[in-house]
Amino acid sequence: MARLARTAGLTDVQQEILSTVRSFVDKEIIPHAQALEHADEYPAEIVEGMKEMGLFGLTIPEEYGGLGESLLTYALVVEEIARGWMSVSGVINTHFIVAHMIKQHGTPEQKQHFLPRMATGEIRGSFSMSEPDLGSDVAAIKTRAKRDGDGYVIDGAKMWLTNGGSSNLIALLVKTDEGAEKAHQNLTTFLVEKPTGFGEVLPGLTIPGKIDKMGYKGVDTTEAVFDGFKIGADKVLGEAPGKGFSYMMDGVEVGRVNVAARACGIAIRSFELAIAYAQQRSTFGKPIAQHQAIAFKLAEMATKVEAAHLMMVNAARLKDSGARNDVEAGMAKLIASEYCAEVTQEAFRIHGGYGYSKEYEIERLMREAPFLLIGEGTSEIQKTIISRGLLRDYKA
């Protein structure tokens, strides 16, 4: 049995969930990931399998039909799924973030309306902050919602919506006129229900089509264009205009733990492929694993996998405890994504020329790993968050 990335102190239920997911990954994801990824095909059958297992309701409270599990369970499930194919973990990532935001900040009516159907996967969420002209500078958002009678009219363009076409609910961050001096206090989160698909899906809302990407294939990444889109005031998350930034940041902390978990999953798979290949491939009369240069690589890779996993678990457990985890989530995301890129590249080197062939799985992982250096904030943004937190905690 593999000894890396074990997690101490799990309940019997958590262990059973992870065992079921691991079996699903080995049987239903890994054997099909290469073909689906190369074809850039949405993993519809895999998604149906996740629905049947109840994974879309993993963190949704039992009173709304979910499993009521912790962020730690969610992160470990994501780690397992990303080990099989990162794009599949992307299908559920934004869904979990939106469900978390509604669970934590939604009105009783919003919770009752959305969460039971999110638990079954009937409603699937996407998450939208970025715009064509901005990424991490959220306060510079230009997409605007103006009051119009009992509702709002939204105009503007959003970018990088994971599941933009396949989701039917968008948690959308836009600018509203709240009269606040601080820019972030003039931001509001709307819950936008829409049909799946591309084109003008509703009057005033267009999902232009999939963005072609280097990796992270299969899952649809899109723009969303709002042109006179009308929406009711009851679709403001928590019915609280001007609080959208804090709600989104709460969701992003969950997202950063998720990205760390995905990075751990890819790093684990890269290590598995490398250590297996190093024992099969021989040069100069012995397996390359017996050459010190390769053996040392494997030792360093395994250490990075273990360190990233432990930091990810710590960040998830802190969030579960109710404690602030912005620094720890930033640290976990930073170290896990950087180590993932390093471990994947070393696995690629160990494969030699075969690593450059699309026939080998490591070629796909080499294209997927860089995305995690960017998603949910670049490494530089994580360093900014970490340093601010340290200066807050160690104030002279």
Side-chain angles (χ1 to χ4, degrees), residues 5 37 75 78-79 81-91 93-94 97 127 129-132 134-138 159-163 211-219 221 249 251-271 273-274 297 300-301 303-316 325-349 355 361-389:
E37 200 273 347
V78 167
E79 182 181 59
I81 292 173
R83 173 181 157 268
W85 183 19
M86 186 183 74
S87 292
V88 178
S89 66
V91 171
N93 174 36
T94 56
I97 293 175
F127 177 83
M129 291 196 303
S130 295
E131 296 186 358
L134 66 91
S136 300
D137 186 8
V138 177
M159 192 70 172
W160 307 119
L161 280 76
T162 300
N163 302 308
I211 297 168
D212 195 15
K213 309 181 296 290
M214 176 176 78
Y216 202 25
K217 303 281 189 176
V219 63
T221 305
M249 289 305 101
V252 165
E253 285 184 11
V254 171
R256 286 186 177 132
V257 173
N258 169 279
V259 171
R262 283 199 264 181
C264 289
I266 290 179
I268 291 167
R269 186 60 180 164
S270 296
F271 175 78
L273 294 171
K297 283 183 185 293
E300 290 176 3
M301 291 162 68
T303 302
K304 289 175 179 177
V305 166
E306 189 72 5
H309 173 82
L310 289 171
M311 292 192 74
M312 179 270 290
V313 167
N314 179 59
N325 84 330
D326 55 337
V327 169
E328 290 77 11
M331 287 178 170
K333 194 274 175 184
L334 170 66
I335 207 75
S337 61
E338 293 287 350
Y339 278 177
C340 174
E342 293 171 16
V343 169
T344 303
Q345 187 172 91
E346 291 293 7
F348 171 78
R349 290 172 185 264
E361 194 175 335
I362 192 63
E363 180 272 340
R364 169 171 61 84
L365 302 181
M366 275 290 290
R367 289 184 288 104
E368 291 178 340
F371 169 75
L372 300 172
L373 298 170
I374 301 166
E376 305 296 359
T378 63
S379 291
E380 289 71 27
I381 289 294
Q382 306 311 318
K383 291 174 186 177
T384 300
I385 293 167
I386 294 164
S387 61
R388 284 177 180 170

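In this text, all values refer to a predicted model and were calculated from it rather than measured experimentally. For the numbers below, each heavy atom of this structure counts, side chains included, while hydrogens, waters and symmetry mates do not.
With rounding to the nearest 0.5 Å, the separation of CD1 in Ile211 from CH2 in Trp160 is 4.5 Å. One finds the SG atom of Cys264 at 9.5 Å from the CD atom of Glu306 (value rounded to the nearest 0.5 Å). Here Cys340 contributes atom SG and Ile268 contributes atom CD1; the two are 10.0 Å apart, rounded to the nearest 0.5 Å. Distance check, rounded to the nearest 0.5 Å: OG1 of Thr344 to CE of Met366 gives 7.5 Å.
Side-chain contact between Asn163 and Phe127 is absent, with no heavy atoms from C-beta onward closer than 4.5 Å. The side-chain heavy atoms of Glu253 and Val257, taken from C-beta on, include no pair separated by under 4.5 Å. Residues Arg388 and Asp326 fail the side-chain proximity criterion, which asks for heavy atoms closer than 4.5 Å. Using a 4.5 Å cut-off on side-chain heavy atoms (C-beta onward), Met331 and Val327 make contact. Contact annotation: the side chain of Glu342 never approaches that of Met301 to less than 4.5 Å [non-hydrogen atoms, C-beta and beyond]. Contact check for Met86 versus Leu372: side-chain heavy atoms found under the 4.5 Å cut-off. Ile362 is listed as a side-chain neighbour of Ser270, based on a closest heavy-atom distance under 4.5 Å.
Considering every non-hydrogen atom in both Ala75 and Ala261, the closest pair reads O-CB, 3.3 Å. A pairwise comparison of heavy atoms in Met159 and Pro132 identifies CB-N, 3.7 Å as the closest pair. Here the closest non-hydrogen pair linking Ala332 and Ala315 is CB-CB, 4.1 Å. The shortest heavy-atom contact between Gly255 and Ile97 is CA-CD1, 3.7 Å. Nearest heavy-atom pair, Val343 versus Ala267, reported as atom, atom and distance to 0.1 Å: CG1-O, 3.7 Å.
Ser87 and Glu37 share no donor-acceptor pair across their side chains, judged by distance under 3.5 Å alone. A donor-acceptor contact closer than 3.5 angstrom links the side chains of Thr221 and Lys213.
Sorted by first then second residue, the side chain to side chain donor-acceptor pair (under 3.5 Å) pairs that include residues 255-264, not counting sequence neighbours, are Tyr74-Asn258, Asn93-Asn258, Tyr216-Arg262, Arg256-Gln382, Asn258-Arg262. Residue pairs meeting the salt bridge (Lys or Arg N to Asp or Glu O under 4.0 Å) criterion with at least one partner in residues 368-386, sequence neighbours excluded, are Arg364-Glu368.
Ser337 places a side-chain N or O within donor-acceptor distance of the main-chain N or O of Leu334, the cut-off being under 3.5 Å. Not a single donor-acceptor pair under 3.5 Å links the side chain of Glu328 to the backbone N or O of Asn314. For the pair Lys333 (side chain) and Gly377 (backbone), a donor-acceptor distance under 3.5 Å is present.
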*May I have the step-by-step check of salt bridge (Lys or Arg N to Asp or Glu O under 4.0 Å) for Glu79 and Arg83, ending in yes or no?*
CA-CA 6 Å; Glu79 182 181 59; Arg83 173 181 157 268; over 6 Å; no
_Does Leu365 form a side chain to side chain contact (heavy atoms under 4.5 Å, CB included) with Leu273? I'd like the steps, not just the answer._
CA-CA 11 Å; Leu365 302 181; Leu273 294 171; 3.8 Å; yes
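A salt bridge links Glu363 with Arg367: the distance from a Lys NZ or Arg NE/NH1/NH2 to an Asp or Glu carboxylate oxygen falls below 4.0 Å.
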